[in-house]
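Structure, as structure tokens:
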Number of protein chains: 2
Amino acid sequence: MATSLRRRTAGQVSGESIVIEAAWMYYHDGLNQTEIAKLLQVSRATVVNYLQEARERGYIRISLAPEVFTSHQLAQDLREKFGLQAAFVLPRGKGTEEEALMRVARGAADWLPSLLAPGDRLGVAWGRTIFEIAEAIEQTNIADVTVSQLVGSMATPYGFTAEICSAHMARNLGATCINLHAPAVLSDPDLAARLRDEPIIRRQLDALSHCNKALFAAGSCDPDSHIVSSGLASRADLDWYVKQGATGVLCGRFIDAEGQAIPGALDDRMIGITLDNLQGLEVGLLVSEGDAKVVPMLSAIAGGCVTHVVTSNETARLMLQAAG
Amino acid sequence: MATSLRRRTAGQVSGESIVIEAAWMYYHDGLNQTEIAKLLQVSRATVVNYLQEARERGYIRISLAPEVFTSHQLAQDLREKFGLQAAFVLPRGKGTEEEALMRVARGAADWLPSLLAPGDRLGVAWGRTIFEIAEAIEQTNIADVTVSQLVGSMATPYGFTAEICSAHMARNLGATCINLHAPAVLSDPDLAARLRDEPIIRRQLDALSHCNKALFAAGSCDPDSHIVSSGLASRADLDWYVKQGATGVLCGRFIDAEGQAIPGALDDRMIGITLDNLQGLEVGLLVSEGDAKVVPMLSAIAGGCVTHVVTSNETARLMLQAAG
DNA sequence: ACCATGTGCTGACAATTGTCAAAATCTATG
DNA sequence: CATAGATTTTGACAATTGTCAGCACATGGT
């Protein structure tokens, strides 16, 4: 006995919910609200409410044709230059970096469902971008999808953790979720090793190596990057890795310009996917935006685990420029 | 290509088509035309043009959620095709037949109260579907409604009888109930005739002919149909009626493809409403679901006593298909 | 029986969006 | 480089859509 039963029933029009009736007339038949109000014998204001409800309930789906963006000249250039399967390049707009990031995240959220198929096992990394994507994904239902958390959790000052990223993503995809119940980095390599051998963690890590698709962002090696501010690496760690040639961060691992993981002290203390497990996936979706991400993105792509990219036109232009 | 090259290029935003920029801002970012005009430094009217172009070129996709869409479309088609007052087509879902039936029954239960008005006299048939509807109806109170049992009772192996159907229906509707205190079918025509003349039964049958609305399901002529398994007709009876052209069962009476009652030996032995009394009611609500019910439903509709239908999208589709 | 509360509906007004003819701009050509 | 012809942009106005406070009615609790 939902609220709808108290609602008026559309007279001779239909037995279906009057909300759907109104939505149909408006979006399908192209009638305007005044006409609909007359037909349904309610006030126009009520029609407005019905339409709003229809939108809120997700009866109405408005989407921008992805082909338009993926086939943009820049997207095409990215594909050819970097050997990608597809690229989604969307207008940066001229808002703040914050706004640009949100836009890219929403674009990725729009695109992601069409990259997934029933039975997929999707690995999800962590970060501000990933979090926003998880939030922006519309409720969709693809049969039998599993979402796995690619890296351990961190207590962040931002209020979103790796667990929340994967959990929200799973919820919105109607997928089952495999979390990684461990910190991303421990203070002692030995403890990390023992933790990795715990049966629970073992199984979760095993699940990671069976992912066939992955979603990640590129991290920069700036002193104010997430990798430091989240406490995953210390400032000293960062400096050391940069001295070894680090140009970016991927799933918590430092990589050089060739996209190769840089071995270092952190490796043994971390719990999460290793970069060799990201190789050869059906889909490796890299989502990032901003000047600072250009070099890290290029590094990640050089490493060979990226098949799809979502970014802004400005960043895309810089990437192409930097790559000559 | 000619047109777009002359177009202004979005300031620092992009070398890409300004049309897409505008469409993105409008449909994705939710900005209004005034804001977009300011950002793109064009007049608002121009933004209107861009958006129109985006729609014309198919960049924007507006659709009703598929389930809702098909449901509603089918309902509309049913109405037009069969001249119904209204149809309620709900998603069948992908459960078992059992679940689909429950769903349809649930839908009918939700809908029925809105089809009733104070003072109505509702005739209720019998069957698994009707039973579930009676159970699923939420307690509602419509003034001065009377529920009448349309056919006599049978001892069934299912545990629900015609009496229970109407009694539950009446209870949940807050209506008074007129049961038919007689078996649905007797072994001897003479005994049936005498029973029909009994004052008590007489009054109850009279009440039936004063119903202004009715609720019934369509029965199939399959050997394993309810009409046989409930003992209302023997297997031999069924075969005989099928040979006479029976394509369905309505309120215990066999009908042909035109919806006409087929005269036969059973008629004289039955206690219950005759089909001519179902003609011209304000509401004749037919509720059925399943492949086996398609032909019976079409027959019932052809007979002219059906004004409203509740069914699943799959069944509706088959009905329309079968009707050409 | 009464009142408090919640929910849906409505009318009047505010904001947004669509239309159209005229002006501005571009392209091609003599 | 002037001009016709086509296309794009624009401002003013018209139409449509959104908002919100208040009303009507049903429900649940005292």
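Chain identifiers are assigned alphabetically (A, B, ...) following the order of the sequence lines, protein sequences preceding nucleic acid strands; residue numbering begins at 1 within each chain.
The distance between atom OH of A:Tyr50 and atom P of D:dG18, rounded to the nearest whole Å, is 16 Å. When rounded to the nearest whole Å, the span between CG of A:Asn49 and C1' of D:dT19 equals 10 Å. The separation between B:Leu40 atom CG and D:dT10 atom C1' is 15 Å, rounded to whole Å. The separation between B:Gln52 atom CD and C:dT19 atom P is 6 Å, rounded to whole Å.
Minimum heavy-atom separation, A:Ala136 to A:Arg106: CB-CG, 4.0 Å. Between B:Leu40 and B:Ala22, the shortest heavy-atom distance links the atoms CD1-CB, 4.0 Å.
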Polar-atom pairs under 3.5 Å, protein N or O versus N or O of nucleotides 11-17 of chain C: list them with distances, or write none.
residue : atom : partner : partner atom : Å
C:dT16  : OP1  : B:Asn32 : ND2          : 3.2
C:dT17  : OP1  : B:Tyr26 : OH           : 2.9
C:dT17  : OP2  : B:Gln33 : N            : 2.9

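The side chain to side chain donor-acceptor pair (under 3.5 Å) check on B:His28 picks up A:Asp110, with sequence neighbours excluded. The salt bridge (charged side-chain N to carboxylate O under 4.0 Å, His left out) check on A:Glu132 picks up A:Arg128, with sequence neighbours excluded. Partners of A:Ala37 by side-chain contact (heavy atoms from CB on, under 4.5 Å), not counting sequence neighbours, listed by chain and number: A:Arg44, A:Val47. Listed by chain and number, the residues in a side-chain contact (heavy atoms from CB on, under 4.5 Å) with B:Ala218 are B:Leu286, B:Ser288, B:Pro296, B:Met297 (sequence neighbours excluded).
Side-chain contact between B:Val124 and B:Ile133 is absent, with no heavy atoms from C-beta onward closer than 4.5 Å.
How far CG of B:Leu150 is from CG of B:Leu180: 9.0 Å, rounded to the nearest 0.5 Å.
The C1' atoms of five pairs define one axis at each end of the helix from C:dA1-D:dT30 to C:dG30-D:dC1, and these two axes lie 30° apart (to 10°).
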